[in-house]
Amino acid sequence: EVQLVESGGDLVQAGESLRLSCAASGFSFDDYLIGWFRQAPGKEREGVSCISGSNNRPFYTSSGKGRFTISSDKAKNTVYLQMSSLKPEDTAVYYCAATRAVVTTCQPWAYDYWGQGTQVTVAS
């Protein structure tokens, strides 16, 4: 079965960097889009950045563009989110998700398979 496991969440200070990892199993990257999403308390879940498993082309939402970089390692079945210059407003549970959608999108409603999430907390 499709399984996604996030790791790397931590408590960090504002301005620091953090890299999240998403270990995937049970499917081929070539058939899926994989993305990073986040949800802060009291807020809707939102897309951060997503990537095509077939050609490794990334695309970003307004929240992810600029300071965040998504990448994938097909050989390791792993997707990463490199986060730089972290701000308190980046505090959220970060989720990895996958979809077989044919239309490129980084919105949560299009994604079918989800990991359990990893907590990122950014202090001042």
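Everything numeric here is computed off the predicted structure, so don't read it as measured data.
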Just by distance, do the side chain of [X] and the backbone of [Y] share a donor-acceptor pair under 3.5 Å?
X: N55; Y: R57; answer: yes
X: T99; Y: A110; answer: yes
X: T91; Y: V122; answer: yes

State, to 0.1 Å, how close [X] and [Y] come at their nearest heavy-atom pair, and which atoms those are.
X: P88; Y: S124; answer: CG-OG, 4.0 Å
X: Y111; Y: G35; answer: CE2-N, 4.0 Å
X: G47; Y: T61; answer: O-OG1, 2.7 Å
X: C22; Y: L4; answer: SG-CD2, 3.9 Å
X: G117; Y: E6; answer: N-OE1, 2.9 Å
X: Y60; Y: S49; answer: CD2-CB, 3.2 Å

Over 12 non-hydrogen atoms of neighbours within 6.0 angstrom of NZ in K74: yes
R45 charged N/C atom sitting above F37 aromatic ring, 6.0 Å / 45°: no
Do the side chains of [Y] and [X] get nearer than 4.5 Å, heavy atoms only?
X: V2; Y: W114; result: no
X: R67; Y: D90; result: yes
X: V79; Y: W36; result: yes
X: Q39; Y: P108; result: no

Donor on one side chain, acceptor on other, D73 and T78, under 3.5 Å: no
